[in-house]
Amino acid sequence: MVEGASEIPEKFFGKYDLDKSENFDEFLAAKGVNWLVRQMIKLAKVTKVLAKNPESGYNMENLTSKRNTQYHGWQLGKTFEDDGLDGEKHKITFDFKDGVLSEHHIRLNDPDNSAETYYYTIENDQLVMKMVNNGITCRRWFKRSKK
């Protein structure tokens with residue numbers, strides 16, 4: 001196993017539906033996303049599914065009303081290439097340290113300016129996603145789905 005990587009605790013696994021966001025519009029604006037596109041993104045229904053892969057590693061699915069990403073069989077600390085929610089190819093690395101799951105993306109078409117990291121924690125049985133861009137911190141809360 002890679003240095004610093006460990007196992008993801010059971011409490012992270014499940015299906016989560018977006019409940020609320022804090023500073024999401026400001027975060028998107030700081031990334032240069034135009035107003036109309038921001039409104040469409042904010043209206044999208046978002047579900048995240050995190051699970052152990054039955055064969056090896058883990059699965060993370062981002063299911064939205066606009067576009068889905070499904071990353072299956074990844075290992076902590078090992079980089080792989082796949083499509084991001086923006087439709088571009090990304091280098092993606094997941095890691096787990098100090099109770100926080102991180103998801104790091106670099107767009108292959110703009111590697112010098114596109115690095116983003118999403119941080120996930122479990123708080124009160126909700127998946128909390130934290131993102132930072134140009135000094136703007138955004139948090140999104142996902143409720144565990146009963147389905």
Side-chain angles (χ1 to χ4, degrees), residues 1-34 37-53 57-145:
M1 184 154 289
V2 176
E3 176 86 31
S6 61
E7 293 294 313
I8 298 173
E10 282 293 323
K11 69 181 181 179
F12 277 84
F13 301 130
K15 181 178 179 181
Y16 300 89
D17 297 315
L18 180 63
D19 182 38
K20 64 181 179 179
S21 298
E22 173 185 272
N23 291 336
F24 189 51
D25 190 62
E26 296 86 344
F27 171 80
L28 293 173
K31 288 179 57 172
V33 178
N34 78 45
V37 173
R38 290 199 317 264
Q39 302 319 303
M40 291 174 21
I41 291 170
K42 290 185 327 189
L43 289 173
K45 182 181 181 321
V46 181
T47 299
K48 290 191 173 286
V49 180
L50 182 60
K52 286 185 181 176
N53 184 291
Y58 302 97
N59 298 340
M60 168 76 90
E61 298 178 359
N62 293 292
L63 310 174
T64 76
S65 50
K66 303 293 177 210
R67 178 180 191 85
N68 296 334
T69 58
Q70 300 181 352
Y71 309 132
H72 290 173
W74 47 267
Q75 306 283 324
L76 289 171
K78 293 190 179 174
T79 301
F80 62 96
E81 291 183 11
D82 209 325
D83 290 340
L85 280 171
D86 60 1
E88 300 291 335
K89 281 281 186 211
H90 291 211
K91 280 188 174 181
I92 304 166
T93 310
F94 287 89
D95 210 341
F96 188 82
K97 287 185 204 164
D98 302 323
V100 178
L101 176 64
S102 62
E103 177 184 2
H104 185 72
H105 285 244
I106 299 173
R107 282 182 203 84
L108 294 182
N109 66 349
D110 189 14
D112 296 330
N113 301 307
S114 67
E116 290 184 337
T117 305
Y118 313 115
Y119 301 95
Y120 301 95
T121 55
I122 298 293
E123 298 173 19
N124 300 320
D125 205 35
Q126 289 191 325
L127 182 69
V128 180
M129 178 183 182
K130 177 180 157 188
M131 307 174 280
V132 179
N133 186 277
N134 290 333
I136 303 291
T137 299
C138 167
R139 286 185 182 78
R140 305 190 90 192
W141 286 264
F142 295 81
K143 281 188 176 177
R144 190 177 296 272
S145 175

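This one's a predicted model, so the numbers in the text were calculated from it and none came from an experiment.
The closest side-chain heavy-atom distance from Leu127 to Phe12 is below 4.5 Å. Side-chain atoms of Glu81 and Leu108, non-hydrogen and from C-beta on, do get closer than 4.5 Å to each other.
When every heavy atom of Pro9 is checked against every heavy atom of Phe96, the shortest pair comes out as CD-CZ, 3.3 Å. Residues Lys45 and Asp17 share a closest heavy-atom pair of NZ-OD1, 3.9 Å. The two atoms that bring Ser65 and Ala44 nearest to each other are OG-CA, 3.4 Å, heavy atoms only. Between Phe27 and Val132, the shortest heavy-atom contact is CE1-C, 3.7 Å. When all heavy atoms are compared, the tightest approach of Asn23 to Cys138 is O-CB, 3.8 Å. The two residues Tyr16 and Gln126 come nearest to each other via the heavy atoms CE2-C, 4.5 Å.
Between the side chains of Thr93 and His104, no donor N or O sits under 3.5 Å from an acceptor N or O. Between the side chains of Glu103 and Tyr120, a donor-acceptor pair is found at a separation under 3.5 Å. No side-chain N or O of Asn133 forms a donor-acceptor pair with one of Lys31 less than 3.5 Å apart. Neither side chain, Glu88 nor His90, offers a donor N or O lying under 3.5 Å from an acceptor on the other.
For Asn134, the side chain to side chain contact (heavy atoms under 4.5 Å, CB included) criterion is met by Ala30, not counting sequence neighbours. The side chain to side chain contact (heavy atoms under 4.5 Å, CB included) search around Asn34 returns Leu36, Val37, not counting sequence neighbours.
In this structure, Thr64 contributes its side chain and Arg67 its backbone to a donor-acceptor pair below 3.5 Å. With hydrogens and angles ignored, the 3.5 Å screen pairs a side-chain donor or acceptor of Asn59 with a backbone N or O of Gly73. With hydrogens and angles ignored, the 3.5 Å screen pairs a side-chain donor or acceptor of Tyr58 with a backbone N or O of Ile8.
For residues 118-136, the salt bridge (charged side-chain N to carboxylate O under 4.0 Å, His left out) pairs, not counting sequence neighbours, are Asp125-Arg144.
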Report task. Would you check, one step at a time, whether the test side chain to side chain contact (heavy atoms under 4.5 Å, CB included) holds for Leu101 with Tyr118? Result -> CA-CA 8 Å; Leu101 176 64; Tyr118 313 115; over 6 Å; no

Report task. Report the C-alpha separation of Ser102 and Asp95 in whole Å, then their side-chain angles, then the decisive distance to 0.1 Å, and conclude whether the side chain to side chain donor-acceptor pair (under 3.5 Å) test is met. Result -> CA-CA 5 Å; Ser102 62; Asp95 210 341; 5.5 Å; no

Requested in this report: Report the C-alpha distance between Phe13 and Lys52 in whole Å, list the side-chain angles of each, state the deciding distance to 0.1 Å, and finish with yes or no for side chain to side chain contact (heavy atoms under 4.5 Å, CB included).
Outcome: CA-CA 7 Å; Phe13 301 130; Lys52 286 185 181 176; 3.6 Å; yes

Report task. Begin with the C-alpha distance, continue with both residues' side-chain angles, and end with the deciding distance and a verdict on salt bridge (charged side-chain N to carboxylate O under 4.0 Å, His left out) for Arg38 and Asp25. Result -> CA-CA 7 Å; Arg38 290 199 317 264; Asp25 190 62; 2.8 Å; yes

Report task. Check the pair Lys15, Lys48 against side chain to side chain contact (heavy atoms under 4.5 Å, CB included), reporting the backbone distance first and the verdict last. Result -> CA-CA 6 Å; Lys15 181 178 179 181; Lys48 290 191 173 286; over 6 Å; no

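For Lys66, the NZ atom counts as loosely surrounded, since its 6.0 Å shell holds 12 or fewer non-hydrogen atoms of other residues, nucleotides or ligands. Heavy-atom contacts from other residues, nucleotides or ligands closer than 6.0 Å to CG of Asp110 number more than 12. Applying the 6.0 Å contact sphere to CG of Asn124 captures no more than 12 heavy atoms from other residues, nucleotides or ligands.
The structure places CE of Met131 at 8.5 Å from CD of Glu116, a figure rounded to the nearest 0.5 Å. To the nearest 0.5 angstrom, Asn68 atom CG is 12.0 Å from Asp83 atom CG. Rounding to the nearest 0.5 Å places CG of Asp98 at 12.5 Å from OG1 of Thr121. In this structure, Trp74 CH2 and Asn53 CG are separated by 10.0 Å, a value rounded to the nearest 0.5 Å. Here CZ of Phe24 is found 8.0 Å from CG of Leu18. Values are rounded to the nearest 0.5 Å.
Using a cutoff of 4.0 Å between basic side-chain nitrogens and carboxylate oxygens, Glu22 and Arg140 are not scored as salt-bridged.
Separation of the Phe80 and Tyr71 ring centroids falls under the 6.0 Å cut-off.
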